[in-house]
Amino acid sequence: MSTNWPIVFMGTPQIAADTLERLCAGPDTVVGVVTQPDRPSGRGQKTAPPPVHRFAEARGIPVVAPEKIRTPEFLDVLRAWQPMIIVVVAYGRILPKTILELAPHGCLNVHYSLLPKYRGAAPAAWTIINGELQGGVTTMRLVEKMDAGAIYLQDAILLACDETTGSLQKKLTPIGARLLLETIRGLKQGTLRPQEQEEAQATLAPILKKEDGLIDWRRSAVEIERRVRGFVPWPGSYTYLAGKLLKVHRAKIASSEFAGSPGEIVRAHADAFWVRTSSGVIALEEVQLENKKRLPAAEFIKGARIKAGDRLG
RNA sequence: CGCGGGGUGGAGCAGUCUGGUAGCUCGCAAGGCUCAUAACCUUGAGGUCCCGGGUUCAAAUCCCGGCCCCGCAA
């Protein structure tokens, strides 16, 4: 029906690329894409363009990957595209006011939590780590304060009991893409009623660091199990076994109770690899010793010389 | 040229430094035992020790090259 909007898209990882694909399938025209510059990554330190870059290139959409975004040159590029709105999905940078106000409808962000809860870089992960029963997606107008802008649309889903950040993100991405299209349509029609966030309800979802993955056995089994799920696929959870790094890919609460101190292996037999925490026992179900392949607990135990009484951490 | 570990019967590992008959925990097959079932005991089958070359009387082991897997880092 209404007009065709020129849109600029800013994003970097796979979820952003998936969202961009859906945006391209909509009624509007993505006239330009902004993404992070190539960085060396992976074994061998090869540099490769991020998913959004590859997608845009394949579609023949103009792409820029500025090292710095607070430059007049970059602003000129954005202005030349003359966007009606700028869509931001996991771009990975704080945008300055000049960019937030560059388009007539400002910057539209897809955020993977039920704002005002979990403002910040890792909303899906913290939703799981804190044991929430539901997660969700919010579209909102970007403002200078982190994730504090007025809410356009929001949708919630229930979490599975074995939900990981990866699986949750996978579920939320298409929902977010749908909300994004609905939001843009609503903005065009003027039917959208942006809701200011309730500041008092706001909580934070700070960016995760590699060290967050180190398992603290003084936490409870419940907490550790949630964190293991929340840290998949990144940064992953790990502990130490006889001085060697041991990654924990999957774990669950063991039904049995065992005496022991936090970090003590209370049972390592057949398919049971049980570790005592400060409160309760946790069963490691899939682990990976440094330099080795990831293995189900049962396989790992056959080769590892471990026994009840040995200690992790 | 980012750093590093590894490839050994069906699975997971030891053995490699210090070259000399292929080992452990399982699985599989057959038989046995039991009030004892995270069962247990006995016997058995199953291996080009990743590939190619070199050194040597002799190579899983030492040297060179190749393929594949993985940890750190990002």
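To find a chain, count down the sequence lines: A is the first, B the second, and so on, and within it residues start at 1. Not measured: the values here are computed from a predicted model.
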Between atom [atom1] in [X] and atom [atom2] in [N], what is the gap in whole Å?
X	N	atom1	atom2	value
A/Lys292	B/rG71	NZ	P	12 Å
A/Phe273	B/rC26	CZ	P	17 Å
A/Phe258	B/rA38	CZ	C1'	10 Å
A/Arg305	B/rC24	CZ	C1'	6 Å
A/Lys307	B/rC24	NZ	C1'	16 Å
A/Leu289	B/rG7	CG	P	14 Å
A/Phe300	B/rA14	CZ	P	11 Å
A/Arg267	B/rA38	CZ	P	9 Å

For nucleotides 72-74 of chain B, print each protein N/O atom paired with a nucleotide N/O atom at under 3.5 Å, atom names and distance only.
residue, atom, partner, partner atom, Å
B/rA73, N1, A/Gly42, N, 3.2
B/rA73, N1, A/Gly42, O, 3.2
B/rA73, N3, A/Gln45, OE1, 2.9
B/rA74, O2', A/Pro40, O, 2.7

Neighbour count above 12 (heavy atom, 6.0 Å) for A/Arg218 CZ: no
Residue pair A/Arg226 / A/Ile129: nearest heavy atoms and the distance that separates them: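 The answer is CD-O, 3.2 Å.
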Closest listed nucleotide, where the reference is the side chain of A/His269 and the choices are B/rG12, B/rA38, B/rG5: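 Output: B/rA38.
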Contact nearer the 5' end of RNA chain B, comparing A/Leu295 with A/Lys302: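 Upstream on the strand: A/Leu295.
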Under-4.0 Å side-chain N/O to phosphate OP1/OP2 contact, A/Gln288 with B/rG71: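 Answer yes for this pair, as a side-chain N or O of A/Gln288 is under 4.0 Å from OP1 or OP2.
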Residue matched to B/rG23 through Watson-Crick or wobble contacts both under 3.5 angstrom: B/rC13
Pair assignment for B/rA58, Watson-Crick or G-U wobble, requiring both distances under 3.5 Å: none
Any side-chain donor near an acceptor of the partner, A/Gln169 and A/Thr165, under 3.5 Å: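 Short answer, no.
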Joint hydrophobic cluster, A/Ile265 plus A/Tyr240, side-chain heavy atoms closer than 4.5 Å: no
Pairwise P distance for B/rC64 and B/rA22, with rounding to whole Å: 26 Å
